[in-house]
Amino acid sequence: RRTDALIEASIGRRPARFRPRMGVKRPLLRRAARRAGQLAVTWNRRALGGMWTSANLIRGRLVPATRPGDVLLLHDGVEPNRRRDPASSVAAVRPLVERLRGRGLEPARLDELLGIPPYARAATASASTGSDG
């Protein structure tokens, strides 16, 4: 809730979804998300970029396995309490996208893929301006 409030204070909109820690969607968490007006969203393919890896290993994990509609998880290489070098994940992105496009797959934003808006209507913005937020 505090993070949502900070985001709303910064951009005038509240997130409509979130990724639970480690991607675990338990019933209590889903209910809490629903009460907060959010949908918990995870992934179905991951690059394992939060541990030691290389750009080639990341591409090797994702390119052959990815199918239309898959949600890919790539990390910035940094885990709480442990610094990881983000270079592998960063170096993997452009060639990953190029190879997936070569297979006829086109990256899409999560809101486009799932048909779920990225932000909820901001109560303060909509009440004061009448906008959709």
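All values derive from a computational prediction rather than experimental measurement.
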Please examine the side chains of [Y] and [X], heavy atoms only from C-beta on, and report whether any two atoms are closer than 4.5 Å.
X      : Y     : value
Tyr119 : Ile11 : yes
Arg103 : Arg99 : no
Arg19  : Leu73 : yes
Thr42  : Pro20 : yes

Are [X] and [Y] grouped together when hydrophobic residues (ILVMFWY) are joined by side-chain heavy atoms under 4.5 angstrom apart?
X      : Y     : value
Ile58  : Val90 : no
Leu39  : Leu29 : no
Ile116 : Phe18 : no

Nearest 0.5 Å, what's the [atom1]-[atom2] distance between [X] and [Y]?
X     : Y      : atom1 : atom2 : answer
Arg26 : Arg31  : CZ    : CZ    : 12.5 Å
Arg17 : Asp111 : CZ    : CG    : 5.0 Å
Thr66 : Leu96  : OG1   : CG    : 6.5 Å
Asp4  : Arg13  : CG    : CZ    : 13.5 Å

Closest heavy-atom contact between [X] and [Y]?
X      : Y      : answer
Arg101 : Pro107 : NE-CD, 3.8 Å
Leu62  : Arg45  : CD2-CB, 3.9 Å
Ala33  : Ala40  : CB-N, 4.4 Å
Ile7   : Pro15  : CD1-CG, 3.6 Å
Val71  : Trp43  : O-CB, 3.3 Å
Pro64  : Arg59  : CD-O, 3.8 Å

### Task
Begin from the C-alpha positions of Leu72 and Leu100 and carry the test side-chain contact (heavy atoms from CB on, under 4.5 Å) through to its verdict.
CA-CA 12 Å; Leu72 308 182; Leu100 291 174; 4.0 Å; yes
### Task
Look only at the side chain of Arg61 and the backbone of Arg46, and say whether a donor-acceptor pair between them is shorter than 3.5 Å.
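Pair absent, no side-chain N/O of Arg61 close to backbone of Arg46.
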